[in-house]
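Below is one structure, written out as structure tokens, with a few remarks after it.
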Amino acid sequence: MSDETNVSVGAEEEDKKAAAENQKKAADLEKKLESQIAREEKDYKKQLAKMKKVTMTIPEDPNNPDDVVPVVWNGIVYTIPRGVEVEVPEVIRDIWRESYTKTQEVNKRIRESVKKELKIN
């Protein structure tokens, strides 16, 4: 083998080692981040458990066939069934209420805009 070939093979080996090392670092970082996320999720669940609870009922919606409504707070998902009174942390009810109110407002504006007659000069 020529010196040029040896250098090429050596460079390929170094590249493979560097790639393997980068993959290991990425895997280690991913594990560390997953562990951190799991701790944060556990902390958020504890916070929710300590919060004041309220009852709420999400009305059934003929325009939306889903039987449950997802409500998310800091990555924690509550799936709330429609038409059933449930007890949830107050923040979950408040998030849903704000979303529902805004949706109703938008739907009203849509209905009103459809009713208006377009005038072209």
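Just so it is clear, the values below take in all heavy atoms, side chains as well, and ignore hydrogens, waters and symmetry mates.
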Non-neighbouring partners of Gln23 that pass side-chain contact (heavy atoms from CB on, under 4.5 Å), sequence neighbours left out: none
Presence of salt bridge, Glu21 and Lys25, under 4.0 angstrom: yes
Pair Ile58-Arg82, side-chain contact (heavy atoms from CB on, under 4.5 Å): steps then yes or no: CA-CA 5 Å; Ile58 296 179; Arg82 291 182 183 278; 3.9 Å; yes
Main-chain N/O of Val68 paired to Asp66 side chain as donor or acceptor, under 3.5 Å: no
With sequence neighbours excluded, residues passing side-chain contact (heavy atoms from CB on, under 4.5 Å) with Leu29: Leu33
Pairs where residues 25-71 contributes a residue and the test ring pair (Phe, Tyr, Trp, His ring centres under 6.0 Å) is met, not counting sequence neighbours: Tyr44-Trp73
ILVMFWY cluster, Val54 and Ile76 together (side-chain gap under 4.5 Å): yes
Approximate separation, where rounding is to 0.5 Å, of Ile80 CD1 and Met56 CE: 4.5 Å
Those residues that, when tested against Lys108, pass side-chain contact (heavy atoms from CB on, under 4.5 Å) (two or more places apart): Arg111, Glu112
Any Pro89 side-chain heavy atom under 4.5 Å of Lys52 side chain: no
Under 4.5 Å side-chain linkage, directly or through intermediates, the cluster mates of Val72: Val77
Over 12 foreign heavy atoms within 6.0 Å of CG, Asp67: no
Residues in side-chain contact (heavy atoms from CB on, under 4.5 Å) contact with Glu85, at least two apart in sequence or another chain: Thr55, Thr57
Throw together a table of side-chain donor-acceptor distances under 3.5 angstrom for residues 90-99, partners on residues two or more places apart or in other chains.
from: Glu90; atom 1: OE2; to: Arg93; atom 2: NH2; distance (Å): 3.4
from: Glu98; atom 1: OE2; to: Lys102; atom 2: NZ; distance (Å): 3.0

Salt bridge (charged side-chain N to carboxylate O under 4.0 Å, His left out) partners of residues 26-38, not counting sequence neighbours, each pair once: Lys24-Asp28
Partners passing salt bridge (Lys or Arg N to Asp or Glu O under 4.0 Å) against Lys45 (at least two apart in sequence or in another chain): Glu41
Under the side chain to side chain donor-acceptor pair (under 3.5 Å) test, residues paired with Arg39 that sit two or more places apart: Ser35
Partner set under side chain to side chain donor-acceptor pair (under 3.5 Å) for Glu40, not counting sequence neighbours: Gln36
Glu87: salt bridge (Lys or Arg N to Asp or Glu O under 4.0 Å) partners, not counting sequence neighbours: none
